[in-house]
S.K.: 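Handing you this structure, nothing more for now.
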Amino acid sequence: MKVLKFGGTSVGSTKNINKVISILGAYSITDQIICVVSAVGGITDRLLKAGTLANQKDKGYVAEFEAIKKTHFNLVAELIPKQNKSVLNHVENTLLELKSLLDGIYLINELSPKTSDKLVSFGELLSSYIITETLKNQKANAELKNSQELIVTNSNFTKAEVDYSLTNKNIKAYFKSIDHKITVLPGFVSKSKIGEITTLGRGGSDFTAAIIAAALKVEQLEIWTDVSGMFTANPKLVKQAFPIEKISYQEAMELSHFGAKVLYPPTVQPVFDLNIPIHIKNTLKPDDAGTIISKNSTNNKAPIKGITHISNIALLTLEGSGMVGIPGFSKRLFETLAQEKINVILITQASSEHSICFGIETKDAELAKNTLDATFENEISLHKINPIILEDNLSIIAVIGDNIKNHQGVSGKMFSALGKNNINIRAIAQGASERNISAVIADKDVKKALNTLHERFFEVKTKQLNLFITGVGNVGEKLIDQIEQQHNFLKKNLKIDVRIVGLANSKKMIFNAEGINLSNWASQFHYADKSSLKGFLNKVIALNLRNSIFVDVTANEAVAELYADYLKNSIAVVACSKIACSSTYENYKNLQDLSLKYNAPFLYETNVGAGLPIINTLNNLVASGDKVTSIQAVLSGSLNFVFNNFSDHTNFHDTVKRAQFEGYTEPDPRIDLSGIDVARKILILARENGGIMEIEDIQNDSFLTPANLESKSVDEFYKTLKADEAHFQKLYASAKAKNCQLKYVAEFKKGKAKVGLREIPEGHPFYNLEGKDNIVMFYTQRYPEQPLIVKGAGAGADVTASGLFADIIQIANK
Ligand code: ADP
Ligand code: ASP
Ligand code: MG
């Protein structure tokens with residue numbers, strides 16, 4: 001004998017009911033089958049909605065009723081297309097009864113728990129009848145038995161308690177007497193000893209099946225639903241979740257109690273002592289293995305089996321100095337809650353005894369606060385304790401597993417993963433059984449928390465990075481290309497899943513929480529929303545994805561001004577724009593502090609030397625205790641290009657034009673030629689070395705003429721370059737006479753920094769610096785004579801993009 005229960009989705013459509021029928025057909029060849037069914041998917045909710053509308057004197061209940069009627073008539077018409085008159089008559093009569101009940105509620109304006117139970121019982125009564133008739137129509141040896149005649153409860157309406165001695169007797173007697181193969185029963189519904197209609201609580205059809213399975217001591221209870229087992233987390237919220245092969249009764253109970261809806265929590269209770277395994281199966285994919293719930297968990301020693309959550313939680317705190325050392329406060333607190341039938345889901349008490357904090361369902365919060373304030377009225381008026389503090393819009397998340405007790409540091413891992421993602425924890429509880437660690441967090445953080453913890457405990461190997469890129473010019477495009485190319489390599493070899501979730505240019509922005517398809521990202525801009533910097537920021541915050549990184553590939557001051565907002569929301573920032581780091585020291589320092597405070601990396605390796613590891617090298621020197629005594633560097637790829645190509649055979653104006661044409665200068669070449677860009681770079685290096693400096697502190701010996709420096713536009717600047725050609729030729733001739741090369745050099749020594757054009761003699765490491773290369777020499781205590789040198793291409797879209805990419809990967813490895 002086997003007990004199978006089919007849930008709402010499994011009996012929710014003709015197609016699915018046909019699947020149920022074929023499963024029953026296959027089983028009944030060898031076995032006697034007991035089939036418990038839920039109401040057709042969504043009908044219980046609809047019945048309750050119709051009842052509520054009627055109760056509120058809202059005629060809308062009629063439309064709800066009509067929808068319920070239509071669903072059932074359609075099913076009959078499709079499942080039993082011929083000679084279905086008697087079935088339709090029966091369904092029609094049952095619906096008429098339902099209609100008059102609803103009309104009654106409307107008339108007298110009352111919907112008591114007792115009436116509500118009567119109302120919702122129609123769902124299961126209808127579905128079980130239709131399924132039995134379908135089976136019979138297909139010549140199956142099936143009969144319907146109303147479980148209200150078997151399951152006896154008290155009168156605790158909407159969640160009645162079972163009288164097992166009467167119920168077990170009824171079940172045994174009935175099943176002894178039958179000789180048909182398949183018995184179909186409605187789940188969820190029952191009757192009290194005095195014949196009132198009761199129900200076993202929402203989701204209670206699972207429980208009905210378990211009660212019958214236990215009464216008959218069958219070998220196995222099967223719960224057929226719309227997912228392939230109990231998952232490591234709710235598969236609707238965590239894409240990477242997977243079915244758990246085997247799980248213990250206790251683990252399943254904890255998971256379901258903490259929100260894994262796939263199993264109604266009391267279901268385990270009747271089968272537990274008898275050691276009857278529960279097998280969770282998927283009606284839509286009957287070949288999938290599903291989950292076995294039994295006495296033994298797997299041999300798998302992983303500490304965590306699953307992660308769950310309960311929404312709509314309120315946290316109440318009773319606190320006050322008057323509680324310390326005085327017994328009886330918690331007794332009175334919990335007695336009051338028990339009297340009001342308020343279920344406490346989580347409790348924590350600090351060892352100082354100064355406060356007790358507990359979590360309950362939001363719907364009970366007001367009542368709990370008012371009654372507790374009344375209970376402690378006297379102490380509150382004497383200021384021994386404070387009125388109850390009530391916080392709302394919260395959820396509980398819990399990690400669950402029998403093996404938590406055998407592993408150290410599970411809570412450490414849990415809380416550090418949440419903390420790293422800026423998920424604020426309001427309260428923590430760990431059951432003495434050590435099978436469960438729970439935390440109270442904001443509702444808005446639930447999805448992120450579930451995914452973060454799932455990644456931490458089940459996908460340790462793959463880390464997802466969610467990128468939001470602003471600026472899709474030369475460098476931005478290259479970066480997207482590189483990410484697309486490397487995606488599979490990174491996933492396979494470094495276990496990093498890099499996804500671009502948001503992209504913006506100055507006009508439009510696109511988002512896709514599952515990752516933008518990079519093969520055609522540019523064309524997606526055609527249909528995109530208008531972009532705004534604040535709008536982009538708000539969307540990144542609203543998406544609230546773990547490991548979010550904002551990547552600034554613009555040279556826009558307004559973008560740089562928003563870094564602080566990103567960091568404050570624990571969103572990492574990677575920037576090639578040097579505006580922020582070379583702005584005021586106060587701003588630079590503030591961003592560093594925010595990065596530390598909110599655990600959000602702020603990386604900008606490409607600010608100096610494009611993709612060359614200059615800032616990283618300096619940071620490593622400083623972190624390892626070395627002291628930098630001086631920095632000598634050529635940091636402008638554009639100026640190096642200009643002076644490598646300028647000679648007495650060329651002219652200065654054309655050389656600068658060419659540098660701009662080939663993309664080596666800023667859009668405004670004055671920023672490079674004036675030395676300001678180099679000054680900013682050495683300023684950043686000085687700051688990274690611990691220097692408190694402003695841009696004005698950098699001595700800038702410009703080689704330009706006053707006319708060049710005073711030009712009001714780029715065009716005018718070029719004109720002055722032409723006019724002052726003799727000045728530049730003089731600079732060249734002077735260097736040539738000494739057999740020197742002209743290099744624009746940045747220096748930092750003894751807390752001072754300067755930039756300027758220098759004549760570099762043959763043999764000096766700068767002398768042969770080619771093309772647009774950069775070079776940095778770090779003289780330190782550990783490298784006193786032979787400096788540590790970093791040298792290579794210091795400009796260009798490709799190398800800048802790869803520098804940004806390296807920063808991104810560095811964040812993944814943090
Ligand atoms: P039925 O109608 O078959 O009783 P339910 O809707 O009550 O089905 O339960 C199945 C649903 O439970 C799944 O569709 C899924 O959305 C939800 N669920 C929540 N947590 C889990 C989990 N950990 N594993 C599987 N399903 C879960
Ligand atoms: N139909 C009831 C509900 O929706 C019972 C069940 O489906 O298990 O809660
Ligand atoms: Mg269910």
Side-chain angles (χ1 to χ4, degrees), residues 4-13 16-17 19-20 36-49 68 116-117 119-128 147 151 158-160 185-190 198-211 222-245 247 251-267 278 280-285 288 290-291 293 304-311 395 397-401 446-447 450 453-454 457-458:
L4 281 71
K5 176 261 169 177
F6 292 91
T9 313
S10 306
V11 298
S13 65
N16 290 354
I17 293 178
K19 290 203 164 120
V20 172
V36 176
V37 295
S38 285
V40 171
I43 290 295
T44 311
D45 287 335
R46 278 221 129 108
L47 287 164
L48 284 170
K49 188 167 174 212
I68 294 168
S116 174
D117 268 359
L119 180 66
V120 287
S121 71
F122 279 93
E124 267 69 9
L125 294 178
L126 280 163
S127 65
S128 56
S147 25
I151 298 180
T158 73
K159 202 175 178 181
L185 302 101
F188 181 49
V189 295
S190 43
T198 55
T199 63
L200 301 176
R202 290 305 306 269
S205 296
D206 298 346
F207 192 24
T208 306
I211 294 165
E222 298 188 2
I223 305 280
W224 289 77
T225 181
D226 59 353
V227 284
S228 295
M230 209 158 199
F231 277 59
T232 46
N234 184 345
K236 295 215 169 94
L237 296 175
V238 179
K239 272 217 148 157
Q240 318 293 338
F242 52 86
I244 305 164
E245 192 189 337
I247 187 167
E251 286 171 326
M253 258 191 287
E254 292 275 349
L255 274 172
S256 63
H257 180 72
F258 275 89
K261 189 183 165 225
V262 63
L263 191 70
Y264 181 50
T267 308
I278 306 174
I280 308 222
K281 294 277 289 172
N282 187 347
T283 308
L284 316 174
K285 292 183 182 167
D288 283 3
T291 298
I293 306 170
I304 301 299
K305 267 295 167 54
I307 305 162
T308 46
H309 83 284
I310 315 179
S311 298
S395 288
I397 45 159
V399 299
I400 282 149
V446 164
K447 192 169 177 195
L450 290 174
L453 294 178
H454 199 269
F457 288 106
F458 296 107

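Atoms within each ligand, like the ligands themselves, are counted from 1 in listed order. Bear in mind the structure is a predicted one, so any value in this text is a computation, not a measurement.
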S.K.: Taking a 3.5 Å cut-off between nitrogen or oxygen atoms, can you list every pair linking ligand 2 to the protein, with distances?
M.R.:
| from | atom 1 | to | atom 2 | distance (Å) |
| --- | --- | --- | --- | --- |
| ligand 2 | 1 (N) | Thr44 | OG1 | 2.7 |
| ligand 2 | 1 (N) | Glu124 | OE2 | 2.7 |
| ligand 2 | 4 (O) | Thr44 | OG1 | 3.3 |
| ligand 2 | 4 (O) | Arg202 | NH2 | 3.0 |
| ligand 2 | 7 (O) | Ser38 | OG | 3.0 |
| ligand 2 | 8 (O) | Gly203 | O | 3.3 |
| ligand 2 | 8 (O) | Gly204 | N | 3.4 |
| ligand 2 | 8 (O) | Ser205 | N | 3.0 |
| ligand 2 | 8 (O) | Ser205 | OG | 3.2 |
| ligand 2 | 9 (O) | Arg202 | NE | 2.6 |
| ligand 2 | 9 (O) | Arg202 | NH2 | 3.4 |
| ligand 2 | 9 (O) | Gly203 | N | 2.8 |

S.K.: Ser10: which residues meet the side-chain contact (heavy atoms from CB on, under 4.5 Å) condition with it, sequence neighbours left out?
M.R.: Phe6, Val20, Thr283
S.K.: Hey, does Val399 have a side-chain heavy atom less than 4.5 Å from the side chain of Leu453?
M.R.: yes
S.K.: Check step by step if salt bridge (Lys or Arg N to Asp or Glu O under 4.0 Å) holds for Arg202 and Asp45.
M.R.: CA-CA 10 Å; Arg202 290 305 306 269; Asp45 287 335; 3.0 Å; yes
S.K.: Let me confirm one number: the CG-CG distance from Asn234 to Leu450, rounded to the nearest 0.5 Å.
M.R.: 7.5 Å
S.K.: For the residue pair Thr308 and Ile400, establish whether any side-chain heavy-atom pair is separated by less than 4.5 Å.
M.R.: yes
S.K.: For Thr9, which of Asp226, Asn282, Thr225 qualifies under side chain to side chain donor-acceptor pair (under 3.5 Å)?
M.R.: Asp226
S.K.: What does the 4.0 Å heavy-atom contact list look like for ligand 1?
M.R.: Lys5, Gly7, Gly8, Thr225, Asp226, Val227, Gly229, Met230, Phe231, Ala233, Asn234, Pro235, Lys236, Ala260, Lys261, Val262
S.K.: Please name all residues satisfying side-chain contact (heavy atoms from CB on, under 4.5 Å) with Thr198, sequence neighbours left out, ordered by chain then number.
M.R.: Asp117, Thr153, Phe157, Ala160, Ser190, Ser192
S.K.: To the closest 0.5 Å, what do you measure between CZ (Phe122) and CD1 (Ile68)?
M.R.: 10.5 Å
S.K.: Please identify which of these residues, Lys5, Glu124, Glu222, meets the side-chain contact (heavy atoms from CB on, under 4.5 Å) condition with Val36.
M.R.: Lys5
